[in-house]
Amino acid sequence: MRSPHIGQGSNSVNVRRYNERLLLKALRRAGSASKADLARLANLTGTAVGSIITSLADAKLIEFTGRRVEGQRGQPASLIRLDPRGAFGIGVRLDRMRIETALVNFAGDVIARRSHDTLLPPPAAVLEIVRRDIDEMRQLLPLHERERLAGVGVAQPFNLGAWLRELGLPVDAFRAWAEVDFAAELGRAIDLPVFSENDGNAAAIAELFYGCGRQCDDFVYLFLGPVIGGGIAVDGDCLRGRTGNAGDFAVMPVLPSRLPSAPAPLAAWDILLTRTSLSSLIRHLRYCGETVDTRAELEACIARGVPAVDEWIDDCVDALASALRAVLSVLDSPVVVLDADTDAGLLDTLMARLSTALAAITPEARGTPTFVRGSFGPDAGAIGAATLPMFFNFSPRAGILKGASVDTQEVTYVSF
C-alpha cells in the first residue's frame with residue numbers, strides 16, 4: 001500500500017481524509033498495531049500517523065489496548081485497535097422470499113438481527129415492517145451510542161419483479177416493486193442517512209470490509225441464494241458499473257440445462273440463474289419427489305446425499321465453470337469467494353468440483369484462482385447492507401482523492 005503525495009488546498013484535505021481511512025483499514029487487517037506498525041503498513045511518516053491517530057482517538061473510532069513488551073528494546077509501544085463501539089450500521093436486506101434487518105458494530109460483530117420469511121409483501125407493508133425493526137435495533141443501543149449510527153444500508157436485487165418464471169414465483173405479487181425506490185422511501189421515513197446497493201455488491205462489500213478483504217483487495221465474489229448473486233472487488237473497492245449491476249452473474253448467458261426439471265428455455269441460450277441457484281436446486285428436488293418447503297428441509301436433503309442433489313451439482317458446475325472462466329479471463333482475479341444461504345456440506349463440494357472443472361477448461365499459460373469460503377453464510381445479505389454505511393464513511397476508496405462523492409449521502413465522525 002503506497003499513500004499519495006500531499007497536495008495543496010482541497011486536494012490536501014482529500015489526502016488527509018484518505019489517509020485517515022487508510023489507517024482504519026490497516027487496523028481492521030492487523031487487529032491491533034502500534035504507531036510504528038501503522039506508519040509502515042500505510043507508508044506514512046511517523047508524524048503524519050501521530051496526527052491522524054490523535055484525530056481518530058478524539059472521534060472515538062480507535063482505542064488503546066495496552067503495550068507490546070515482547071522482543072522490543074526501550075519504552076514499550078502502545079497498541080491501538082478499532083473501538084467496536086466507535087460506529088454502528090443497520091442493514092436491511094430485501095429478497096423475494098425474506099426480509100432481514102441486522103445491527104452491526106464497527107468491528108463487524110452482529111449485535112442483533114430480525115428475519116421475516118415470507119413472500120415479499122407490497123412496498124408500503126414492507127416499509128412498516130422495516131421501520132419497526134429499525135426502531136427496535138436503535139433501542140438496543142444506549143442513548144449516547146445512537147448518535148454513532150452511521151446510517152442504514154438497504155440491499156436488494158435491483159429488479160425484484162424480473163425472472164419470476166425461472167424462480168417459480170407469482171408475477172402479480174411483485175408488480176408494485178417495479179415502480180418504487182424503496183431506499184428513497186425509507187430515507188423519507190426515518191431520520192438516518194440511507195445507503196442503497198445491489199444485494200450482491202453489498203455482500204461483496206461485507207467481504208471487503210470485514211471478511212477476506214482483510215487479506216486481499218481483489219476477488220470475485222459469488223453468493224448462492226434463491227438467485228446467484230455476486231460482486232467484484234478491485235483494488236479494495238467494489239466495481240459497480242453504470243447502473244450498479246456489475247457482477248450480475250445471474251444473467252450471464254449459458255447453454256440450457258439438461259435437467260428434466262428445468263423450465264424450457266425461451267431461446268437457444270438460457271441465463272445462469274436457471275441452472276445455478278438454490279431455486280433451481282429446490283425445483284429439481286421437488287421434481288424428484290422431495291418435500292422442500294424450508295431451509296431445514298433443503299439442508300436435510302443435502303446432508304442425506306439425495307441423488308437429485310448430486311444431479312443438480314453436476315448441472316450447476318457445468319454452467320458455472322464456463323461462466324467463471326469468462327469472468328476470470330477479463331478480470332484476472334487471484335481469488336474466488338463462494339458463499340451460500342445454506343450449506344450442510346454443499347459449499348465444500350461445490351468448491352472442489354468447480355475447481356476441478358475450471359482447471360479442465362483453463363487454457364495453457366493461465367492459472368486457476370484460489371477458492372475461499374465466504375465469511376457470513378445466510379447473514380451475508382443483512383451484514384452486507386449494514387456494512388454499507390461503514391464502507392462509504394470509513395473505507396479508503398480511490399474516488400476520495402478526486403473529491404468524488406458517492407451516490408448516497410455520506411456522513412463522517414472524523415475531522416476530514
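The CG atom of N19 sits 11.5 Å away from the CZ atom of R21 when rounded to the nearest 0.5 Å. Atom OH of Y210 and atom CD1 of I205 lie 12.0 Å apart (nearest 0.5 Å). Between I313 atom CD1 and L354 atom CG the span is 11.5 Å, to the nearest 0.5 Å. Distance check, rounded to the nearest 0.5 Å: CG of L56 to CG of D83 gives 11.5 Å. Atom CE of M97 is separated from atom OG of S279 by 9.0 Å, given to the nearest 0.5 angstrom. Summarising the geometry, atom OG belonging to S51 is positioned 3.5 Å from atom CZ belonging to R16; distances are rounded to the nearest 0.5 Å.
We find that K25 and D217 are joined by a salt bridge, their nearest charged nitrogen and carboxylate oxygen being less than 4.0 Å apart. Ion pair D318/R353 not flagged as a salt bridge, since none of the NZ, NE, NH1 or NH2 atoms sits closer than 4.0 Å to an Asp/Glu carboxylate oxygen. For the pair D315 and R275, the salt-bridge criterion is met [side-chain N within less than 4.0 Å of a carboxylate O]. By the 4.0 Å N-to-carboxylate-O rule, D181 lies too far from R188 to be salt-bridged with it. A salt bridge links R81 to E63: at least one charged side-chain nitrogen sits closer than 4.0 Å to a carboxylate oxygen.
When side chains are defined from C-beta on, T342 counts as touching L298, because their heavy atoms get closer than 4.5 Å. Within the 4.5 Å cutoff, side-chain heavy atoms of F223 are placed close to those of D341. Using a 4.5 Å heavy-atom threshold, the side chains of R138 and L192 count as touching. Side-chain contact between L82 and L61: absent, with no pair of heavy atoms (C-beta onward) separated by less than 4.5 Å. Within the 4.5 Å cutoff, the side chain of I134 has heavy atoms near those of the V152 side chain. Put simply, the side chain of L103 reaches to within 4.5 Å of the side chain of F88, judged on heavy atoms. Between S261 and R286, every side-chain heavy-atom pair lies at or beyond the 4.5 Å cut-off. Counting only heavy atoms from C-beta outward, the side chains of L224 and L350 approach each other to under 4.5 Å.
Counting only distance, with no hydrogens or angles, the side chain of S322 and the backbone of A319 share a donor-acceptor pair below 3.5 Å. Put simply, the side chain of R113 never gets that close to the backbone of A102: no donor and acceptor are under 3.5 Å apart. Side-chain N or O atoms of R325 include none that pairs as donor or acceptor with a backbone N or O of L358 at under 3.5 Å. A side-chain donor-acceptor contact under 3.5 Å links R29 to the backbone of G213. Listed for the D218 side chain is a donor-acceptor partner under 3.5 Å among the backbone atoms of D235. Judged by distance alone, with hydrogens and angles left aside, the side-chain atoms of E197 form no donor-acceptor pair with the main-chain N or O of G153 at under 3.5 Å. Side-chain atoms of S355 do not come within 3.5 Å of backbone N or O of A352 as any donor-acceptor pair. N201 places no side-chain N or O within donor-acceptor distance of the main-chain N or O of N245, the cut-off being under 3.5 Å. Using modelled atom types, one side-chain atom of D37 and one backbone atom of S34 make a donor-acceptor pair closer than 3.5 Å. When atom types are taken as modelled, the side chain of T274 and the backbone of D270 share no donor-acceptor pair closer than 3.5 angstrom.
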Requested in this report: Verify side chain to side chain contact (heavy atoms under 4.5 Å, CB included) between V292 and C301, making sure each step is shown before the conclusion.
Outcome: CA-CA 8 Å; V292 185; C301 287; 4.1 Å; yes
Requested in this report: Check the pair V306 / E290 against side chain to side chain contact (heavy atoms under 4.5 Å, CB included), numbers first and verdict last.
Outcome: CA-CA 9 Å; V306 172; E290 299 290 338; 3.7 Å; yes
Requested in this report: Report the C-alpha distance between L259 and R283 in whole Å, list the side-chain angles of each, state the deciding distance to 0.1 Å, and finish with yes or no for side chain to side chain contact (heavy atoms under 4.5 Å, CB included).
Outcome: CA-CA 10 Å; L259 295 177; R283 181 180 63 228; over 6 Å; no
Requested in this report: Quick one: do F209 and F394 satisfy side chain to side chain contact (heavy atoms under 4.5 Å, CB included)? Show the steps, please.
Outcome: CA-CA 10 Å; F209 207 69; F394 303 115; 4.3 Å; yes
**Report entry** salt bridge (charged side-chain N to carboxylate O under 4.0 Å, His left out) evaluation trace for R17 with E20
**Finding:** CA-CA 5 Å; R17 184 181 180 202; E20 287 180 315; over 6 Å; no
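Heavy-atom contacts from other residues, nucleotides or ligands closer than 6.0 Å to CD of E179 number 12 or fewer. Within 6.0 Å of atom CZ in R304, more than 12 heavy atoms from other residues, nucleotides or ligands are found, so the atom counts as buried in its surroundings.
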Can you give each donor-acceptor pair under 3.5 Å made by side-chain atoms of residues 332-339, sequence neighbours left out, with the distance rounded to 0.1 Å?
unit_1: D339; atom_1: OD1; unit_2: G377; atom_2: N; d: 3.2
unit_1: D339; atom_1: OD2; unit_2: F376; atom_2: N; d: 3.2
unit_1: D339; atom_1: OD2; unit_2: G377; atom_2: N; d: 2.9

If you look only at distance, which donor and acceptor atoms sit under 3.5 Å apart when one is on a side chain in residues 115-124 and the other is two or more places apart or in another chain?
unit_1: H116; atom_1: NE2; unit_2: D133; atom_2: OD2; d: 2.8
unit_1: D117; atom_1: OD1; unit_2: R98; atom_2: NE; d: 2.9

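For D343, the side chain to side chain contact (heavy atoms under 4.5 Å, CB included) partners at least two apart in sequence or on another chain are L346, L347, R373. Judged as a salt bridge (Lys or Arg N to Asp or Glu O under 4.0 Å), and not counting sequence neighbours, E297 has no contacts. In this structure F371 satisfies the ring-ring contact (aromatic ring centres under 6.0 Å, His included) test with no other residue, sequence neighbours excluded.
Taking all atoms of both residues into account, the shortest heavy-atom contact from G89 to M390 is N-CE, 3.3 Å. Contact record, V104 with A386: CG2-CB, 3.6 Å, taken as the closest heavy-atom pair. Of all heavy-atom pairs spanning V194 and A183, the tightest one is CG1-O, 3.7 Å. Of all heavy-atom pairs between G86 and R148, the closest is O-NE, 2.7 Å. Annotation for W312 and S277: closest pair CZ2-O, 3.4 Å, computed over non-hydrogen atoms. Counting all heavy atoms, side chain and backbone alike, P378 lies closest to R295 at CB-NH1, 3.3 Å.
Residue pairs satisfying the ring-ring contact (aromatic ring centres under 6.0 Å, His included) criterion with at least one member in residues 272-295, sequence neighbours excluded, are absent.
R85 forms no cation-pi arrangement with F106, by the criterion of a distance under 6.0 Å to the ring centre and an angle within 45° of the ring axis.
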